[in-house]
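Please read these numbers as outputs of a predicted model, since none were measured by experiment. Values reported hereafter were calculated over all heavy atoms of this structure, with side chains retained and with hydrogens, waters and symmetry mates removed.
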Amino acid sequence: MSRAVQILITTGLVVVLLDIYNLFHLSKVNWTHKTHCPQNRPVTRAVIHMGPHKTGSTTIQEFAHHHIDLLRKDGYEMPEVDNAEKNARGKTVSSSNHVRLATCFVDPIVEDVRTIYPCDPDRLLHGLDLAAKGHNVFITAETLDKIDREGIEMLKSYLSHWIDVTIMIFYRRYYDWLPSVFNEIHKGRRLVQQEKWEESIVDFLFQYSESYHRLHVVSLFNRLQQKFKKENIVLLDYHDKQTKGPEENLFCNMPNAAHMCNATRFIDTSTSNPSANLDYSDLAYGTKKEGLISIPDDRKMAQVAESIERYHKSNLNARKFERVCPSSSILENLWNLTIAAESNFNPNNNPQNHDDLRLDFDMAARSKLCALDVAKTLTDPDWKGFFETYEK
């Protein structure tokens, strides 16, 4: 199947060619718009938030959904999304995530995200209808971090219907970003997904620390710069301590978004899609493998993990677990990739702060970059006693 959307600007017309199931969804909106507009046409603006993944996108999307009235006061509309959409795997999608608009620009051959979140041409057409009516738009979808050069060219054509375009992406340090990616992949694991239980973060870093670099913001930024002017791309610092979260960071740097900016500062928000502590379920899986506890299904797995967590916190005062950490060569590679990106892409980079950054990296190298040492924990006398009496 060819790319689901080909956007061609010819002779002042935009032609949207869709091959999803060979159907044309052209009845709901007027999708033909003149590209040559009078000089007195009011300035229209499109703001595109591209994530990337694991940089607070869900929090931003939920905030936009709950405060759509303020977003409209700032002059922005959002293309239609379903209030309670689920993907092909049954996972609920954020109500303001334009993922099914974003996948229209993602290569279906390379990225299976198109199978999980099929491109919805009606959402593209609704965006064009907003442009025809002179509305500003705010589009947010971290799936756009997968966009390739051809997709960026098509996106640029699509966005040509607005006079001013701003693309907003977050920079997150590579060594801090990778554990979050691993956690996202594994926190929803089910018992039948054995490969996700057998793979530790150390295994993940050994196998993927370099290949995942193409999905990092550095690679995305470089691809975008080939088609968009640098002044059209706003790079935000995920680690900015002057803001209380990604929603303030984004909306207070977004053009003409004073109402949304003020709301982020005065309305309490909670982090959406947070990371999960995998230690307790890792240990529970270890007891299953060793035959210490019978765990036939996901429900029992959750019960055992909760019991382990309660015992750890109540009886052992949450003492530190023994951990298995990456090799020095993997850590050195992570540090080199991080510092190269920090020097070139962090908008708040200061070489004088690299010593502090190294301290934080070294701390991560002993904690979140490490896996629970299940074998040692199972031989600990306190834990052995707990497991021996668990089902009695």
Q) Given K54 and E184, is the side-chain contact (heavy atoms from CB on, under 4.5 Å) satisfied, shown in steps? A) CA-CA 8 Å; K54 306 314 299 175; E184 180 69 19; 2.9 Å; yes
Q: Before giving the answer on side chain to side chain donor-acceptor pair (under 3.5 Å), spell out for Y117 and T143 the whole-Å C-alpha distance, their side-chain angles and the decisive distance to 0.1 Å.
A: CA-CA 10 Å; Y117 304 103; T143 300; over 6 Å; no
Q: Please test F387 against Y311 for ring-ring contact (aromatic ring centres under 6.0 Å, His included), starting from the C-alpha separation and ending with a verdict.
A: CA-CA 11 Å; F387 294 133; Y311 177 76; 7.9 Å; no
Q: Could you please spell out the steps behind the side-chain contact (heavy atoms from CB on, under 4.5 Å) verdict for N249 and F170?
A: CA-CA 9 Å; N249 202 341; F170 278 88; 3.7 Å; yes
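A 4.5 Å side-chain heavy-atom check between Q193 and E195 finds at least one atom pair inside the cut-off. Between K288 and V304, the closest side-chain pair of non-hydrogen atoms is not below 4.5 Å.
Here H135 pairs with nothing under the ring-ring contact (aromatic ring centres under 6.0 Å, His included) rule; sequence neighbours left out. For V234, the side-chain contact (heavy atoms from CB on, under 4.5 Å) test picks out T166, M168, L236, with sequence neighbours left out. The ring-ring contact (aromatic ring centres under 6.0 Å, His included) search around H186 returns F182, not counting sequence neighbours. Legend: residues meeting side-chain contact (heavy atoms from CB on, under 4.5 Å) with P179, ordered by chain and number and at least two apart, are I201, K368, L369. Every residue was checked against the ring-ring contact (aromatic ring centres under 6.0 Å, His included) condition with F228, not counting sequence neighbours, and none meets it. For K384, the side-chain contact (heavy atoms from CB on, under 4.5 Å) partners two or more places apart in sequence, or in a different chain, are E388. With sequence neighbours left out, the ring-ring contact (aromatic ring centres under 6.0 Å, His included) criterion links F206 to no other residue. Not counting sequence neighbours, the partners of D382 by the side chain to side chain donor-acceptor pair (under 3.5 Å) test are R319. Shown here are the side-chain contact (heavy atoms from CB on, under 4.5 Å) partners of R223, two or more places apart in sequence or in another chain: I152, S219, L220. Looking at residues two or more places apart in sequence or on another chain, you find a salt bridge (Lys or Arg N to Asp or Glu O under 4.0 Å) between D362 and R358. For D203, the side chain to side chain donor-acceptor pair (under 3.5 Å) criterion is met by S200, not counting sequence neighbours.
The two residues L130 and V137 come nearest to each other via the heavy atoms CD1-CG1, 3.7 Å.
Within the 3.5 Å criterion, the main-chain N or O of R45 finds no donor-acceptor partner in the side chain of D164.
Aromatic ring orientation, F386 versus W383: perpendicular (interplanar angle above 60°, classes split at 30° and 60°). Aromatic ring pairs are classed by plane angle as parallel below 30°, tilted from 30° to 60° and perpendicular above 60°; the pair F63 and H67 is tilted.
Counting only N and O atoms by type, the side chains of E342 and Y171 include a donor and acceptor under 3.5 Å apart. For the residue pair E247/T264, the side-chain donor-acceptor check at 3.5 Å is not satisfied. For the residue pair T103 and R100, no side-chain donor N or O sits within less than 3.5 Å of a side-chain acceptor on the partner.
A 6.0 Å sphere centred on NZ of K244 holds more than 12 heavy atoms belonging to other residues, nucleotides or ligands.
Applying the side-chain hydrogen bond (donor to acceptor under 3.5 Å, both in side chains) test between R323 and each of T377, D373, D279 identifies D279 as the sole match.
Applying the ring-ring contact (aromatic ring centres under 6.0 Å, His included) test to residues at least two apart or on different chains, the pairs with a partner in residues 258-289 are W197-Y285, Y280-H312.
Remark: I267 CD1 to M260 CE distance equals 8.5 Å, nearest 0.5 Å.
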